[in-house]
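Bear in mind that the values here come from a model prediction, so they are computed numbers and not experimental data. Just follow the structure's listing: the first ligand is 1, and inside any ligand the first atom is 1.
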Amino acid sequence: MKRPVVVATLCTGLVTALWPIPSSYESGNEVLWIDGHVQVDYKLNSQADNSFSNSASEQIINSAVERTFLTIFDQNFVPWKFNPRNSNYEPDESNRQYVKSITLQQNTPEPTNGTRPASTIDESYTLSMPASGEVVITANSSIGLSYGLTTFSQLFFQHSDGGAYTKLAPVTIKDAPKFTHRGLNMDTSRNFFSVMDILRTLDAMAFTKMNRFHWHITDAQSWPLEVPALPELSTAGAYAPGLTYTPDEVAAIMQYGNSLGIETAIEIDMPGHTSSIWFSHPELITSFNTQPYDTNCAEPPCGSLKLNSSAVYSFLDKMFDDLFPRISKYSSYFHSGGDEVNVNAYLLDDTVKSNDTAILQPLMQTFIDHVHGKIRNNGLTPIVWEEMLLEWNLTMGNDVLVNCWLSDESVAQTVAKGHRAIVGNYNNWYLDCGQGQWLDFSPNVSASFYPYADYCSPRKNWRLVYALDPLTGIPENSTHLVAGGEVHLWAEQIDPVNFDKQAWPRAAAAAEVLWSGAKDASGQNRSQIEASPRLSEFRERLVARGVGAEPIQMPFCTQNGTQCYV
Ligand SMILES: *[C@@H]1O[C@H](CO)[C@@H](O)[C@H](O)[C@H]1NC(C)=O
Ligand SMILES: *[C@@H]1O[C@H](CO)[C@@H](O)[C@H](O)[C@H]1NC(C)=O
Ligand SMILES: *[C@@H]1O[C@H](CO)[C@@H](O)[C@H](O)[C@H]1NC(C)=O
Ligand SMILES: *[C@@H]1O[C@H](CO)[C@@H](O)[C@H](O)[C@H]1NC(C)=O
Ligand SMILES: *[C@@H]1O[C@H](CO)[C@@H](O)[C@H](O)[C@H]1NC(C)=O
Ligand SMILES: *[C@@H]1O[C@H](CO)[C@@H](O)[C@H](O)[C@H]1NC(C)=O
Ligand SMILES: *[C@@H]1O[C@H](CO)[C@@H](O)[C@H](O)[C@H]1NC(C)=O
Ligand SMILES: *[C@@H]1O[C@H](CO)[C@@H](O)[C@H](O)[C@H]1NC(C)=O
Ligand SMILES: *[C@@H]1O[C@H](CO)[C@@H](O)[C@H](O)[C@H]1NC(C)=O
């Protein structure tokens with residue numbers, strides 16, 4: 001019997017299962033069960049290139065299949081929160097129809113043959129699951145197939161008597177991302193995170209098809225990065241012995257990310273945000289821990305690399321010569337920072353002794369030219385914070401990606417200057433905001449800071465995250481310069497205990513905007529009412545996979561369609 005196929009997005013109340021929503025998604029209401037014996041075949045159409053070693057692809061596919069099975073059979077959930085109270089929503093267990101086979105068809109050989117992914121990998125895929133159970137996923141890359149499998153795993157639910165089923169067959173999906181850069185920024189300087197915390201974050205990112213891990217690895221407060229050529233940096237600058245990342249750990253994190261389709265951009269923020277270098281090299285840092293801090297920096301401890309110092313350049317060269325060859329095996333990017341440089345820090349800089357931008361600007365240009373030259377010599381693409389372009393007016397190559405954070409307008413200004421922009425307006429995508437102050441105030445001044453809101457409060461509710469359209473104010477002829485965006489999790493008040501609930505599921509709201517676009521098929525803003533139960537469901541999947549994501553609604557809201565709306 002052939003049942004009518006419904007377009008899921010038009011059908012409120014239906015459990016639609018997928019996050020982010022595919023470009024095109026049709027589903028039905030037939031039941032299919034799945035068991036661990038299902039046949040999986042990987043077919044690589046590598047017509048011309050027989051010398052191509054496909055072991056990297058096979059590794060990606062094998063781990064994707066393993067993850068898919070783990071997710072469906074061991075880390076799944078019973079969806080009582082998404083079905084009417086005490087209703088009999090689970091499928092009949094007699095006469096089960098099963099998924100018979102899963103064919104993974106890769107149409108073109110891998111665009112790269114090494115461990116390092118091509119940044120412009122084709123992430124598109126198609127998924128077909130007829131009611132007869134022969135599943136076919138096609139893609140042009142192993143990562144595309146891996147995404148198809150991720151989508152596939154989200155179609156299945158756990159039965160309360162055991163086993164896994166979908167009620168959505170037949171399924172037809174054609175999917176591709178709207179934006180190429182879909183990132184999350186993790187700050188491991190303000191607080192330290194273990195390798196396991198980072199790997200868990202990469203897993204969660206991949207589950208919502210994010211593909212850039214912006215690793216803000218050092219900052220003013222601590223230097224956890226081990227640099228063998230300069231071991232004193234971390235022995236003196238880490239918070240405590242052991243709270244460091246070894247070269248092997250950095251490589252393992254980057255490699256693991258690549259296996260999930262996630263490219264890591266390591267950031268060493270400079271010339272500001274470098275005070276932790278002072279613990280090993282006080283001669284390179286100006287204005288260390290000056291008070292009151294707010295005349296010389298954005299937060300304590302102040303400190304900036306000296307701006308006209310040959311010692312600073314020798315130091316940076318030594319660090320880059322050690323670091324860049326190692327990271328360029330796994331990534332195409334290095335982020336040289338450049339946010340919140342406070343001119344007054346250079347009044348005390350014995351190589352400059354000035355806070356006049358007319359004097360500082362050419363020095364900053366020389367600094368950036370030098371740093372970016374080293375980055376490019378190692379085959380890497382530089383990323384900078386927007387201030388380098390929009391406040392310091394530096395001239396930079398068009399290859400440079402600009403991390404915008406201050407406004408939507410700064411994205412428009414960046415693309416108007418011909419640069420590619422990464423969106424991330426702090427009013428929407430700073431997920432650390434709204435926790436209140438972390439500074440303490442003396443009794444005589446505390447009243448004037450009451451009730452101790454932080455600079456970027458309120459907390460960014462997922463709806464606010466979801467409301468950011470990366471293309472806001474971007475002229476038609478420049479939309480291609482909006483590479484995508486990133487959510488940010490600055491770690492003054494985030495550590496491994498609360499990271500997951502700060503990040504998830506709100507980061508996934510941005511991930512859907514970046515994968516699916518901010519507008520629906522009819523060109524309207526995506527509906528919170530449609531998205532909310534899907535995001536709640538995605539949250540249950542994250543929790544089932546060991547990610548401590550916070551709830552966004554009570555079951556009352558999701559148990560009978562959408563009962564909580566205005
Ligand atoms: C990878 O590709 C490059 C250039 O296309 C080639 O020089 C190299 O030998 C290849 N490596 C392997 C392991 O196939
Ligand atoms: C693969 O590449 C072809 C040719 O560029 C394109 O038409 C297709 O949409 C891509 N994606 C998939 C999933 O086949
Ligand atoms: C920078 O340093 C050089 C040599 O150390 C010096 O000659 C020059 O005046 C300095 N520039 C500024 C703007 O202080
Ligand atoms: C530069 O320093 C002088 C004091 O030496 C100060 O009055 C002025 O406000 C500073 N300029 C900026 C832009 O902060
Ligand atoms: C950059 O240009 C803007 C606008 O012309 C100007 O206000 C600003 O002072 C310039 N910044 C520097 C560091 O020269
Ligand atoms: C407030 O009290 C602190 C000591 O707790 C003192 O150092 C500071 O000068 C006082 N500030 C004002 C504005 O009175
Ligand atoms: C759609 O969302 C944008 C923000 O991205 C907002 O400015 C605009 O007002 C919304 N449009 C409607 C019709 O609500
Ligand atoms: C887009 O169009 C504007 C106005 O016609 C023009 O100034 C600008 O250079 C164009 N931008 C690109 C990237 O083509
Ligand atoms: C569930 O929703 C339907 C309409 O969508 C309504 O008629 C029904 O009363 C609701 N049931 C409960 C238990 O709230």
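- Residue contact check: N107 has heavy atoms under 4.0 Å from atoms 14 (O) of ligand 2.
- Taking the six-membered ring for Trp, F367 and W392 have ring centres at least 6.0 Å apart.
- Annotation for ligand 2: atoms under 4.0 Å from non-hydrogen atoms of Y125 are 13 (C).
- With sequence neighbours left out, K178 forms a side chain to side chain donor-acceptor pair (under 3.5 Å) with no residue at all.
- Within the 3.5 Å criterion, the main-chain N or O of T290 finds no donor-acceptor partner in the side chain of S287.
- Listed by chain and residue number, nothing satisfies the side chain to side chain donor-acceptor pair (under 3.5 Å) test with S310 (two or more places apart in sequence, or in another chain).
- In terms of heavy-atom proximity, T562 sits nearest to P533 at OG1-CG, 3.8 Å.
- Here is the list of ligand 7 atoms found below 4.0 Å of a heavy atom in D469: 5 (O).
- At least one donor-acceptor pair closer than 3.5 Å links the side chain of S141 to the backbone N or O of D122.
- The 4.0 Å heavy-atom shell around ligand 5 contains residues T357, Q361, E391, W392, N393, ordered by chain and number.
- No donor-acceptor pair closer than 3.5 Å links the side chain of S153 to the backbone N or O of I72.
- For residues 381-409, the set of pairs meeting the salt bridge (Lys or Arg N to Asp or Glu O under 4.0 Å) definition, not counting sequence neighbours, comprises R376-D399.
- Listed by number with element, the atoms of ligand 7 under 4.0 Å from a non-hydrogen atom of N525 are 1 (C), 2 (O), 3 (C), 8 (C), 10 (C), 11 (N), 12 (C), 14 (O).
- Interface atoms of ligand 2 facing D122, defined by a heavy-atom separation under 4.0 Å, are 1 (C), 2 (O), 10 (C).
- At a 3.5 angstrom cut-off on N or O pairs, A467 counts as close to ligand 7.
- Residue K174 has no N or O atom closer than 3.5 Å to an N or O atom of ligand 2.
- Polar contact check, S124 against ligand 2: a nitrogen or oxygen pair lies under 3.5 Å apart.
- Between W385 and H488, a ring centre-to-centre spacing shorter than 6.0 Å is recorded.
- Counting heavy atoms closer than 4.0 Å to ligand 2, residue T108 contributes nothing at all.
- Checking H214, E486, R420 one by one against H181, the side-chain hydrogen bond (donor to acceptor under 3.5 Å, both in side chains) holds for a single residue, E486.
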